[in-house]
Structures are given as C-alpha cells and as structure tokens.
Amino acid sequence: MKKIYGSAAEALDGLLFDGMFIAAGGFGLCGIPELLLDAIKDAGTKDLTFASNNAGVDDFGIGILLQTRQVKKMISSYVGENAEFMRQYLSGELELEFNPQGTLAERMRAGGCGIPGFYTKTGVGTVIADGKEHKDFNGETYIMEEGIFADLAIVKAWKADETGNLIFRKTARNFNPPAAMCGKTCVVEVEEIVAKGELDPDNIHLPGIYVHRIIQGEHEKRIEQRTTRKREDA
C-alpha cells in the first residue's frame, strides 16, 4: 500500500470533511504538524473539533485555523499564548473542553488501543468531574473518562521509513504517538524518510501499522518563550 505522498494537500485528499474530529500532535510549539495544518487551512474545512494538548499561538499551529474560524471546539490541556483563542472563547464563539494533561494523553492512547473508557482520580472534586460517572475503588473515588476516537490524526515525527515506522525527537514524542494511535486515518509529516530496514527496530517509537500516509518537508524551528539575561556593561 502506498504510504508516501508528495505534499500535505495530496496526503489529505479525500480525508477532510466539515464537522470532522481531528487529533493533532504537538507539545507547546514542539512537534506541531504545521504543514498538514496549513493544508487544512487552504482546504477551507470548517466546524472542526480538535483534540490537542494546546492550540498553538496566533500565527502558528492550530492558531492559524482559529484565525480563519475553521475550529468549532477544542479539547485541550493548555490554551495560553493565544489571544485569538481567548477572544473567541470569552465571546462564546468557541467551545472548550478542558482536560488534565495526563488524562488527555491517556484518552488518546486508550482510543488507539480500542479502550472505550477508564477510571482516574485526576479531576475528582473539580469541575472536570461534573456530569461524569463516579466509582469507588478500595475506598477512593475515581471518575470515568472516555477514550478518544478521532476521524483523523495528524502528527509530526523526525524520521520515518517507507512502511511508516516512526522516530520522534525529544519533547515532540510527548503527544504525537498517542494522537497518531487514536485516528481512523493517521497522516504524518516528517523531516526525513529512509528506506525500509534502515531504522533500528529498538529505536522505533511508533510502529507503521498506525500510519497510513506520510509526507516529507521543511519545518520551522520555533521557540515559544525566550528569556535572556541583560548584557552587562564591559
């Protein structure tokens, strides 16, 4: 089965539709599938629900889709650094479902493993628990969270082989693997594609069985926050 495509638009062809649910990788500005997000913007697909750790910034990541009003709902852990997100949420234009970071990662992983729900103590006694099933285990209260089953997963990896086996680098490994697992179709952008058999099996972070389409491209290396010390006078 062909997995390597020539561009982000080509890799997403036939997969996008209005109102769809997309799981996106990325942690802060690290490991964001920026080429695929640009292609979704160009396609004009609207009323989207995104499950993503964060919503990028105003001009990068999912933030570019907020600017064009293509996102209807965000399922996220952190939504700072994005003024347009804040404006839309406070004005009632954007739905928001907050998830503790570990809960969101586990919801994605659970979906990828075919697990419809699980119990966790995280969020008990807070607004996170409102409307959710509570159950006691050994005298402790837990809430049930549902696995995430997305229509599409878009992720960024460092390196792939021709069969879709993936290697991530550093912080980009945080949310990309579970996001990749939980989509009915997974499209990946990478910095390098190598021949089958070139990757050490012990170094593969996500097996190619989860990956359906791959593109290779150039990526921007952004720094989310930079703090420097003032230069001392000589």
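A quick note: this is a predicted structure, and the numbers were derived from the prediction, not measured.
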* Shortest non-hydrogen contact from Gly63 to Asn82? -> CA-ND2, 3.8 Å
* Between Phe85 and Ala55, which heavy-atom pair has the shortest distance, and what is it? -> CD1-CB, 3.7 Å
* Judged by atom type as modelled, is there a donor-acceptor pair below 3.5 Å linking the side chain of Asn176 to the main-chain atoms of Val155? -> no
* Structure fact -> So CZ of Phe168 and CG of Leu206: to nearest 0.5 Å the spacing works out to 5.5 Å
* Asked: Are the side chain of Asp161 and the backbone N or O of Leu199 linked by a donor-acceptor pair below 3.5 Å?
  -> no
* Measure the shortest side-chain to side-chain distance between Phe118 and Arg107 over non-hydrogen atoms and say whether it is less than 4.5 angstrom. => yes
* Do Arg87 and Glu93 have side chains that get closer than 4.5 Å, going by heavy atoms? -> yes
* May I ask you to say whether Glu10 pairs ionically with Arg213, meaning some side-chain N is under 4.0 Å from a carboxylate O? => no
* Structure fact -> dist Ile154:CD1 -> Leu37:CG (nearest 0.5 Å) comes out at 4.0 Å
* Output yes when a side-chain donor or acceptor of Gln67 lies under 3.5 Å from a complementary backbone atom of Glu84, and no otherwise. => no
* Asked: Where the side chain of His205 meets the backbone of Leu166, is there a donor-acceptor pair that is under 3.5 Å apart?
  -> no
* To do: Decide yes or no for Arg109 and Met181: does some side-chain heavy atom of the first lie under 4.5 Å from some side-chain heavy atom of the second?
  => yes
* Asked: Got a second to check how far Gln70's CD is from Asp47's CG, nearest 0.5 Å?
  -> 10.0 Å
* Whether Ser77 side chain and Asn99 backbone form a donor-acceptor pair below 3.5 Å -> yes
* Asked: Taking 4.0 angstrom as the limit, do Lys132 and Glu146 come out as a salt bridge?
  -> no
* Taking atom CH2 of Trp158 and atom CD of Glu192, what is their separation to the nearest 0.5 Å? -> 7.0 Å
* Structure fact -> Scanning both residues in full, the closest heavy-atom pair of Ser76 with Ser52 reads OG-O, 2.9 Å
* Look at the side-chain heavy atoms of Ile, Leu, Val, Met, Phe, Trp and Tyr, link any pair under 4.5 Å apart, and say whether Tyr5 and Tyr210 land in one connected group. => no
* To do: Give a yes or no on whether Leu96 atom CG has more than 12 heavy-atom contacts from other residues, nucleotides or ligands under 6.0 Å away.
  => yes
* Asked: Passes side-chain contact (heavy atoms from CB on, under 4.5 Å), Lys72 versus Glu95? Steps please.
  -> CA-CA 6 Å; Lys72 177 182 70 174; Glu95 296 178 50; 3.9 Å; yes
* Phe137 reachable from Met144 in the ILVMFWY side-chain graph, under 4.5 Å edges -> yes
* Structure fact -> Between Leu94 and Val71 the two heavy atoms that sit nearest each other are CD1-O, 3.6 Å
* **Exceeds 12 heavy-atom contacts within 6.0 angstrom, atom OH of Tyr89** => no
* Asked: Side chains of Leu48 and Met20: does their closest heavy-atom pair fall under 4.5 Å?
  -> yes
* **Phe50/Leu65 under side-chain contact (heavy atoms from CB on, under 4.5 Å): CA gap, chis, key distance, verdict** => CA-CA 10 Å; Phe50 269 93; Leu65 299 178; 3.6 Å; yes
* Atom pair CD1 (Ile214) and CG (Asn165), whose distance is rounded to the nearest 0.5 Å -> 8.5 Å
* **Common cluster, Val194/Val190, ILVMFWY with side-chain heavy-atom separation under 4.5 Å** => no
* **Check: Glu106 and Glu145 side chains under 4.5 Å, non-hydrogen atoms** => no
* Take atom NZ in Lys2; do more than 12 heavy atoms of anything else shown fall under 6.0 Å from it? -> yes
* How far apart are the C-alpha atoms of Phe17 and Asp151, what are their side-chain angles, what is the distance that settles it, and do they pass the side-chain contact (heavy atoms from CB on, under 4.5 Å) test? -> CA-CA 10 Å; Phe17 58 91; Asp151 298 308; 3.7 Å; yes
* Asked: Is there side-chain contact between Ile22 and Thr49, with heavy atoms separated by less than 4.5 Å?
  -> no
* Flag the pair Gln101 / Asn53 as yes when at least one side-chain heavy-atom distance between them is below 4.5 Å, and no otherwise. => yes
* To do: Please name the pair of heavy atoms, one in Gly147 and one in Ala110, separated by the smallest distance, quoted to 0.1 Å.
  => CA-CB, 4.2 Å
* Are Leu36 and Ile215 close enough that some pair of their side-chain heavy atoms sits under 4.5 Å apart? -> yes
* Dump the intermediate steps for side-chain contact (heavy atoms from CB on, under 4.5 Å) on Leu104 and Phe175, then the final yes or no. => CA-CA 9 Å; Leu104 181 59; Phe175 266 87; 3.9 Å; yes
* Which heavy atom of Cys30 sits nearest a heavy atom of Thr171, and at what distance? -> SG-CB, 3.7 Å
* To do: Indicate, with yes or no, if Phe27 and Ile167 share a hydrophobic cluster defined by side-chain heavy-atom contacts under 4.5 Å among Ile, Leu, Val, Met, Phe, Trp and Tyr.
  => no
* same_hphob_cluster(Ile64, Leu16) at 4.5 Å side-chain heavy-atom cutoff -> yes
* So, Glu34 and Lys41, do they make that salt bridge, N to O below 4.0 Å? -> no
* Lys73 (side chain) donor-acceptor with Glu97 (main chain) under 3.5 angstrom -> no
* Say you draw a straight line from CG of Leu152 to CD1 of Ile40; how long is it, rounded to the nearest 0.5 Å? -> 6.0 Å
